[in-house]
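Note that the structure is predicted; figures quoted are calculated from it, not measured. First the proteins, then the strands, lettered A, B, ... as listed; each starts at 1.
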There are 2 protein chains.
Amino acid sequence: MGGTRKSEIGDRMVKRLPLYLRLLREMRDRGEVYASSAALAKILEVDPIVVRKDLAGSGIGGTPRLGFPIDPLIKGIERYVGWSDATATVLAGVGKLGSALLGHTGFRDHGLQIVAAFDPDARRVGRRVSGVPVYATDKLTEIVRRLNVRIGILTVPQAVAQSVADAMIAGGIRGIWNFTTVQLVVPAEVIIKREDLAASLAVLSHRLHVK
Amino acid sequence: MGGTRKSEIGDRMVKRLPLYLRLLREMRDRGEVYASSAALAKILEVDPIVVRKDLAGSGIGGTPRLGFPIDPLIKGIERYVGWSDATATVLAGVGKLGSALLGHTGFRDHGLQIVAAFDPDARRVGRRVSGVPVYATDKLTEIVRRLNVRIGILTVPQAVAQSVADAMIAGGIRGIWNFTTVQLVVPAEVIIKREDLAASLAVLSHRLHVK
DNA sequence: TAGATTGTTAATCGATTAACAATC
DNA sequence: TAGATTGTTAATCGATTAACAATC
């Protein structure tokens with residue numbers, strides 16, 4: 001029932017990988033060479049066994065007494081998550097949230113490069129927002145196809161979310177990062193990742209109430 | 001090991017509740033009175049059994065042959081997640097992301113009302129952004145205490161994240177919605193909900209690579 | 001009464017945690 | 001050699017799925 005949701009290694013683990021990556025990069029920048037699972041675990045407030053399991057999944061082995069070699073480990077995790085080289089991405093909907101994401105410098109550290117943005121507003125088209133050129137939305141399919149882009153970020157108003165998603169898919173996009181609350185209807189081979197602020201908020205306020 | 005992470009009902013379920021809520025409100029607005037678990041399940045692409053389990057958790061029972069009464073169910077879920085009446089919230093860091101969140105109308109549907117924003121920039125202080133007054137950051141603790149606010153949204157630069165979080169907690173804030181990548185150090189009774197875009201992105205790009 | 005849907009109890013599945021042998 | 005840390009195998013835990021009785 002529902003879309004294709006199988007992936008040999010769990011999402012829970014994949015979600016932790018950016019944490020390791022961030023921390024390992026910091027350690028590398030401080031000149032450290034090895035990191036033990038216990039040290040990583042303590043900072044990230046997880047169990048050391050979790051760390052070892054996760055890192056094993058990344059393909060890089062550790063050395064008893066020393067820990068894991070930081071530099072190879074960083075490269076291993078990057079390769080594993082698919083962040084080795086920047087993936088070209090487009091963003092549709094240059095409103096407040098869209099502009100914020102365009103200005104988010106952290107994406108570069110996570111293998112994502114936004115190469116084009118789209119908006120229907122003539123006042124925005126032709127300009128650059130945080131260095132990214134803004135095109136008219138009706139050029140989306142064509143430009144996506146020409147640039148061979150596989151990931152699209154969707155920050156448009158609810159009303160046009162489905163049609164813009166359709167335009168992305170028509171251009172060859174395979175994964176959509178959906179910041180709207182619309183339940184998109186897409187072909188089975190397209191992967192949708194919803195970014196649901198309401199869900200996060202629910203977890204927070206529920207925990208506050210339970211206490 | 002680590003903070004207080006116990007909550008008698010799983011986060012997975014709590015995360016699904018906003019989906020039900022959104023859908024049920026739409027159905028109510030269309031004039032519908034009952035919703036069956038099968039109908040909800042089909043739209044949300046989950047199993048009907050999951051829906052029944054989740055809704056049972058909300059405390060509202062269904063009727064065989066009819067389904068669940070929409071209006072009581074909405075109220076039940078709202079009560080359950082703690083969204084019955086708007087919770088006062090503050091936001092610190094009126095940059096791009098902060099402004100986007102201040103303008104996010106959806107929060108009102110989720111029991112959240114941002115009553116004050118904080119920024120150190122003198123050009124922003126004293127103005128209103130999307131109707132929310134902006135105060136100087138050094139007034140944060142005082143205003144939070146006076147307004148008796150329990151939830152804080154953190155959209156400040158990494159460098160000041162910890163100190164602003166400290167100021168929030170000093171004012172009595174019990175839950176922080178952390179949009180930075182900083183691993184905040186807080187007392188055990190304070191709940192931190194990280195909003196990690198990198199983690200979401202990792203899941204998406206990993207799935208694309210696995211396929 | 002017949003049929004559809006709820007809600008509960010049991011079975012399966014996956015992830016986390018624990019125990020411990022292997023290794024530098 | 002002694003000691004610390006990895007990595008694997010087993011045990012526990014929680015969530016999902018399945019089966020089915022209860023109910024309108």
**Q** Roughly, in whole Å, what's the span from CG in B:Leu55 to P in C:dG7?
**A** 9 Å
**Q** Among C:dT5, D:dA18, D:dT5, which nucleotide sits nearest the side chain of A:Ser36?
**A**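 Among C:dT5, D:dA18, D:dT5, the one nearest the side chain of A:Ser36 is D:dT5.
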**Q** Relative to the 5' end of DNA chain C, which residue comes earlier, A:Ile49 or A:Pro64, by the nucleotide with the nearest heavy atom?
**A**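 Upstream on the strand: A:Ile49.
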**Q** Closest approach to the side chain of B:Arg65, judged atom by atom: which nucleotide of C:dT17, D:dT17, C:dG3 is it?
**A**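 Of all the options, the side chain of B:Arg65 is nearest to C:dG3.
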**Q** Is it the case that the ring center of B:His110 lies less than 6.0 angstrom away from the ring center of B:Phe107?
**A**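 No, ring centres 6.0 Å or more apart.
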**Q** Counting the atoms with a prime plus P, OP1 and OP2 as sugar-phosphate, which does B:Arg12 contact under 4.0 Å by heavy atoms, base, sugar-phosphate, or nothing?
**A**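 If one applies the 4.0 Å heavy-atom cut-off, B:Arg12 turns out to touch the sugar-phosphate alone, with no base involved.
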**Q** Quick check on C:dC24: is either OP1 or OP2 less than 4.0 Å from any side-chain nitrogen or oxygen of A:Thr63?
**A** no
**Q** Picking from A:Arg16, A:Arg12, A:Lys15, what satisfies salt bridge (charged side-chain N to carboxylate O under 4.0 Å, His left out) with A:Asp54?
**A** A:Arg16
**Q** CZ of A:Arg52 versus P of C:dA15: gap in Å, rounded?
**A**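 Roughly 19 Å, once rounded to whole Å.
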**Q** Could you tell me if B:Trp83 and A:Ser205 have a donor-acceptor pair between their side chains, going purely by distance under 3.5 Å?
**A** yes
**Q** Would you say CZ of B:Arg108 has more than 12 non-hydrogen atoms from neighbouring residues, nucleotides or ligands within 6.0 angstrom?
**A** no
**Q** Find the distance B:Leu66:CG to C:dT6:P and express it as a whole number of Å.
**A**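 Taking CG of B:Leu66 and P of C:dT6, I get 9 Å after rounding.
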**Q** Can you tell me whether the side chain of A:Lys53 and the base of C:dT17 have a donor-acceptor pair closer than 3.5 Å?
**A** yes
**Q** Find the distance A:Ile60:CD1 to D:dG7:C1' and express it as a whole number of Å.
**A** 15 Å
**Q** Whole angstroms only, please: what is the OH-P distance between A:Tyr34 and C:dC24?
**A** 12 Å
**Q** Distance check needed: D:dT12 C1' versus A:Asp47 CG, whole Å only.
**A** 13 Å
**Q** May I have the distance from A:Glu45 (atom CD) to C:dT16 (atom C1'), rounded to whole angstrom?
**A** 17 Å
**Q** Whole angstroms only, please: what is the CZ-C1' distance between B:Phe68 and C:dA4?
**A** 13 Å
**Q** Under a 3.5 Å cut-off for both contacts, is D:dG14 paired Watson-Crick or G-U wobble with anything, and if yes, with which nucleotide?
**A**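 With both distances under 3.5 Å, D:dG14 matches C:dC13.
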**Q** Is C:dA22 paired to anything, Watson-Crick or G-U wobble with both distances less than 3.5 Å, and if yes, which nucleotide?
**A**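 Answer to the pairing question: D:dT5, which forms a Watson-Crick or G-U pair with C:dA22.
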**Q** So, OP1 or OP2 of D:dT16: does either fall under 4.0 Å of a side-chain N or O from B:Arg16?
**A** yes
**Q** Are A:Glu142 and A:Arg146 ion-paired here, with the side-chain N under 4.0 Å from a carboxylate O?
**A** yes
